[in-house]
Amino acid sequence: MEAIKLLMVDDEVDFLDTLLRRLKKRGFSVKGVKDGQEALSTLKCEPYDVVILDVKMPGMDGIEVLRRIKEDFPDVEVIMLTGHANVEVAIRGIELGAFDYLMKPMDIDELVFKVEDAYKKKLLRERKRRSKE
Amino acid sequence: MPLAQIKSLRQRLRNFLWRHKRHHQGPQLSLEELRYEFQTKYHNFKLLLNANNKALDLMSEIEESLKGTRVFGMTFVRSRTTQIVTNVYQMIKNLDAIAPNKYGLLYEKFKEIQTKLDEILTPETHAEDAPLVIPITRVDKGHVELVGSKLATLGEVSKIEGINIPPGFVITTEGYRLFLRHNNLHEEIQRRLQVAELTDLGKLFSLSSELQQLIITSEIPQRLLEEIESQLKDYTLWDNSSPLRFAVRSSALGEDSEGISFAGQYKSELNVSPDELIIAYKSVVGSKYGLAAMTYRYNHGIRDEDVLMGVGVIQMIEARSSGVMYTVDPITGKDVIILNSTWGLPKAVVDGSVTPDLFVVSKEKRPQILERSISQKLVKYSCLLEEGICREELNALEANVPSLNEEEISQLKEIGERIEEHFGTPQDIEWILDREGRIWVLQTRPLAHPGKEIPNYQIDLRDKEVLLEGGITASPGASAGKVFVLRQDADTLRFQEGSILVTSQALPRLAPLLSRARGVIAELGSVTGHLANVAREFKVPALFGLKGALEVLEDGMEITLCADHRLVLKGIHNIKVPQERPKAIMEGTPVYETLKSLATHILPLTLLDPDSLEFHPKNVKTLHDITRFCHEKSVIEMFDFGNSHGFSERSSKQLICDVPMQFWVINLDDGFKLEPKGNHIHIEDITSLPMLALWKGMVKVPWKGPPALNTRGFMSILLEATQNPNLEAARSSEFAVKNYFMVSKNYCSLQSRFGFHFSSVEALLSDRTLENYISFQFKGGAANLPRRVLRAKLVSSLLADLGFKTQLKEDHLFARIEGHPLDFMEKRLMALGYLIIHTRQLDMAMDGISALNTFRANLQREIEEHFNI
């Protein structure tokens with residue numbers, strides 16, 4: 001199977017680096033960026049399967065980034081990952097089409113499961129579209 | 001049989017039959033469409049189950065916190081609520097994907113509940129006027145956000161009459177924030193973390209020491225400095241018989257479990273003089289960047305900025321003796337005080353460098369020392385005059401003297417009891433005894449684990465026989481009564497009021513029985529499950545995860561269930577359970593009250609009976625109700641797949657096998673090793689776990705052919721043939737369909753129609769135990785109805801013995817088993833496969849109960865022999 005292409009968006013660089021390294025070890029093809037703007041321009045250049053998105057970032061906030069990703073790249077699955085619990089933001093995120101809203105601290109195995117589940121969802125959707133065409 | 005239950009059976013039956021009809025009305029799907037349908041449903045089903053488990057875990061965490069025996073802050077409350085809401089919302093969405101637009105009302109109900117939760121969780125406000133420094137005597141359980149949970153607990157202890165904690169103060173999380181802001185430390189730390197490449201341990205190590213150095217060289221803002229100095233100047237606070245020295249202790253806020261799993265990762269400095277206080281403070285704050293702490297945060301994704309350091313500045317006490325005390329025996333659960341004690345500072349006990357003296361003390365008014373073991377304490381730690389602590393060797397004479405006298409032991413026992421009473425749960429207490437013989441408490445924390453709490457009363461076992469022991473306390477208390485063993489669903493109708501329910505699994509569907517049960521015992525099940533929750537609500541004692549219960553306990557046996565002590569006793573005993581609930585220490589704090597009112601919209605389960613008409617989205621009141629509803633409906637929608645989906649015949653492959661029957665297989669996902677080129681597939685090329693197990697059972701024992709018939713058996717077939725239109729060969733009847741498997745790696749559905757018999761198996765099998773299920777439906781036959789009924793009874797009773805829940809209506813049988821581990825389920829599938837083959841046409845030979853019993857005995861023997869069940 002081809003490696004799942006994963007884009008991580010987090011301004012916390014220490015966290016980002018550690019997680020990128022660990023996800024690479026698990027066989028994902030991963031790239032990390034520091035903010036929403038960069039995430040959007042990266043997505044313009046090359047396709048990704050799943051985006052792991054921090055909710056609270058300087059500049060464009062996570063919800064706004066999510067909205068734009070879903071608008072411009074509807075096939076990409078987005079997992080929100082945050083250290084700040086907020087019911088409204090969580091539900092808003094899922095309504096906007098996020099695959100899930102996860103809270104840090106996050107167990108790496110659990111995160112890997114989530115990414116796989118999100119990827120599976122994407123595959124199924126793509127297949128449905130192909131079969132319609 | 002109560003009317004409602006008859007209705008419910010009828011309803012189920014109608015649904016059952018209706019589903020069968022639908023098969024023939026359903027659209028014919030192409031293989032591609034069929035695969036897509038299956039994979040989407042299956043994926044959503046799995047996501048729903050995951051969200052369900054997560055939500056239930058979180059709910060039980062809230063319930064645990066509402067016992068109020070452990071301090072917690074708003075961070076905890078917000079995080080748990082948000083996660084529960086998110087997972088419940090995901091369940092609704094997944095159910096909607098499995099059964100589109102069928103349960104839309106759930107969204108409205110969810111929104112109503114969410115609005116109520118939002119109103120309670122008023123927006124986060126950061127108190128700007130929070131103090132930078134606060135005396136420890138002014139701290140209590142309500143101050144978790146300000147001082148961290150460790151120091152909030154210590155402050156709370158000082159509120160108990162007759163308990164002393166050493167004087168001191170806390171440099172609060174607000175003080176910490178100011179310190180960071182003043183030095184722009186946050187930005188600087190971020191910058192350094194960004195430029196560093198954390199690729200190996202060596203680099204992480206140097207970054208760790210670099211950051212700690214950065215903090216130590218930073219300046220304490222004037223305002224904070226002044227407040228610290230004014231505390232120090234307030235000499236009335238201090239006992240000045242010896243030079244003033246401090247223990248500087250960390251109490252971090254913002255870790256997941258508020259200091260429990262994180263214990264020991266931050267530094268404490270002992271015997272610090274006032275001149276060195278500031279540097280010690282910075283060093284403790286800097287320990288946030290210790291190697292272990294940093295690694296922990298990275299691995300768990302905790303943001304650097306979310307961990308705030310509260311720091312306690314607590315006066316050092318010159319210790320003559322010190323140690324640790326448990327207010328119950330943590331191993332046996334006996335209600336006694338366990339005291340460990342050594343000379344000097346408690347470090348020796350905590351780090352294990354000496355074997356301490358041990359005293360076991362009864363909790364009577366005039367305490368007895370039940371056990372005393374004086375060890376050779378060759379080392380003691382004490383304060384150095386100037387700074388730091390030192391290790392002293394003791395001579396043999398000193399080392400062998402008991403480190404506590406009887407009066408001191410009795411005082412300590414008194415202190416332990418008071419703290420335990422105040423917090424309402426057994427405690428692990430660190431204490432110190434000074435040269436004047438005064439006792440000081442340094443730290444206390446609960447001893448308990450959910451489900452394994454130590455009871456606060458004892459049972460005298462001298463005249464009693466213990467039948468079973470172990471498991472987890474799913475609902476507290478004790479009760480006595482007659483055993484009622486529930487082996488199949490139909491048994492619920494015979495349930496005797498006031499019995500103790502004994503079952504293999506703690507299934508939510510048993511909830512309606514609990515109002516009439518005196519206790520519940522289950523071999524499987526957890527504290528966090530639905531049934532446990534309902535048992536607690538009805539105050540019915542419950543013991544789950546008790547292995548061997550079904551072997552030892554028999555119908556009608558008189559037993560006493562001691563859920564708190566995790567024991568089952570022989571006979572009826574009157575166990576007195578103390579009625580007064582331990583006082584919840586957190587009760588009355590704003591944080592606790594917030595959680596409590598949130599919980600009223602989250603925890604109660606009001607949708608109890610899935611068979612009742614009330615089991616409807618319009619009656620949903622809480623988030624727990626939503627989880628229950630979604631779970632029940634998703635299982636039903638999923639079970640339905642094989643029945644409700646037609647397929648085009650071209651998509652199937654014929655199975656090449658040695659048995660004289662024809663089977664076709666449809667690969668729904670990853671059920672084949674390789675997609676075969678032609679129209680056939682070998683059994684070796686199939687990867688589907690449930691299909692392989694079922695198949696093994698089907699071919700294990702060669703079928704001996706139809707049973708020999710007597711004349712009456714023949715007559716019954718002839719008679720039936722004249723009345724049943726389906727038996728007319730020329731007609732395209734509903735029984736003309738082939739036998740086919742639909743498979744993926746973990747899923748299998750078998751529809752088989754052997755002549756006049758219709759049977760269907762559906763199974764999901766993997767390492768994820770909670771998702772596993774087997775369902776089986778069976779009806780029909782060629783003989784007349786009484787014979788068909790007997791045959792269905794035969795199959796039903798054999799399946800019930802194997803642990804299936806069965807429902808029988810005339811010759812229609814529905815059986816289901818779920819939630820067991822892979823190997824257990826595989827054996828059941830094999831036995832089921834065996835039964836499907838070997839009970840064919842037995843209806844014709846069923847001319848009475850004696851025939852049934854003979855066949856039953858044979859079949860049972862063969863199952864035992866071939867499948868080790």
Side-chain angles (χ1 to χ4, degrees), chain A residues 1 8 10-22 34 52 54-56 58 80-95 97-108 110-111 113-114 116-132, chain B residues 30 32-33 35-37 39-40 43-44 46-47 50-51 54 75-87 89-90 93 97 110-111 114 117-118 121 123-124 189-199 204 207 254-257 294-306:
Chain A
M1 199 171 76
M8 291 221 28
D10 204 312
D11 61 313
E12 193 99 349
V13 178
D14 52 350
F15 172 61
L16 190 63
D17 285 348
T18 325
L19 202 56
L20 285 177
R21 227 167 346 103
R22 303 185 79 195
K34 274 180 297 190
I52 298 178
D54 189 4
V55 178
K56 208 176 171 188
M80 322 266 307
L81 183 60
T82 177
H84 295 265
N86 185 320
V87 174
E88 259 174 273
V89 175
I91 298 304
R92 177 107 182 88
I94 295 171
E95 279 172 348
F99 179 75
D100 209 343
Y101 178 94
L102 303 179
M103 297 276 307
K104 297 174 184 177
M106 188 75 208
D107 185 66
I108 182 93
E110 227 178 300
L111 185 62
F113 284 149
K114 282 289 172 202
E116 286 169 355
D117 285 347
Y119 179 64
K120 178 93 190 176
K121 186 178 171 196
K122 176 174 183 263
L123 285 186
L124 285 168
R125 199 182 38 236
E126 284 171 358
R127 236 175 64 195
K128 172 153 199 179
R129 204 180 36 235
R130 269 205 312 277
S131 73
K132 272 188 183 158
Chain B
S30 72
E32 185 60 20
E33 285 166 333
R35 285 184 179 169
Y36 172 76
E37 275 282 311
Q39 288 169 22
T40 313
H43 190 59
N44 280 303
K46 280 176 40 166
L47 294 180
N50 286 336
K54 186 92 202 184
T75 316
F76 170 84
V77 174
R78 270 174 207 287
S79 124
R80 295 311 180 271
T81 311
T82 308
Q83 289 183 70
I84 290 173
V85 168
T86 312
N87 280 290
Y89 191 59
Q90 294 282 39
K93 284 196 69 166
F110 173 81
K111 281 283 167 204
Q114 194 205 331
L117 295 176
D118 280 341
L121 277 175
E124 209 166 352
I189 290 167
Q190 286 310 309
R191 195 187 64 75
R192 296 201 189 194
L193 288 170
Q194 280 171 28
V195 294
E197 273 178 65
L198 303 177
T199 45
L204 189 62
L207 179 68
E255 308 117 15
D256 185 42
S257 40
M294 275 173 86
T295 316
Y296 180 90
R297 282 200 299 276
Y298 293 164
N299 290 344
H300 290 81
I302 301 172
R303 291 169 82 100
D304 184 69
E305 68 195 58
D306 290 342

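Chain letters run A, B, ... following the sequence lines, proteins first, then strands; residues in each count from 1. Keep in mind that this is a model prediction, so the values were computed, not measured.
Only the side chain of Asn50(B) comes within contact range of chain A, with heavy atoms under 4.5 Å apart. For Tyr36(B), the parts lying under 4.5 angstrom from a heavy atom of chain A are both the backbone and the side chain. For chain A, no part of Lys46(B) is nearby; none of its heavy atoms comes within less than 4.5 Å. At a 4.5 Å heavy-atom cutoff, the contact between Gln90(B) and chain A is made by side-chain atoms alone. Within the 4.5 angstrom heavy-atom criterion, atoms from both the backbone and the side chain of Asp117(A) approach chain B.
In this structure the side chain of Asn86(A) never reaches within 4.5 angstrom of the side chain of Leu121(B), judged on heavy atoms. Side chains of Glu110(A) and Lys54(B) form a contact here, defined as non-hydrogen atoms less than 4.5 Å apart. With a 4.5 Å cut-off on side-chain heavy atoms, His43(B) and Leu47(B) count as touching.
Within a 6.0 Å radius of CD in Glu88(A), other residues, nucleotides and ligands contribute 12 heavy atoms or fewer. Heavy-atom neighbours of Arg92(A) CZ from other residues, nucleotides or ligands within 6.0 Å: at or below the threshold of 12.
Top candidate by heavy-atom pairs under 4.5 Å with chain A, chosen from Thr82(B), Thr86(B), Ile84(B), is Thr82(B). Between chain B and the residues Leu111(A), Ile94(A), Leu102(A), the most heavy-atom pairs under 4.5 angstrom are made by Ile94(A).
The one candidate from Thr82(A), Val55(A), Leu20(A), Leu16(A) that meets the side-chain contact (heavy atoms from CB on, under 4.5 Å) condition with Asp10(A) is Leu16(A).
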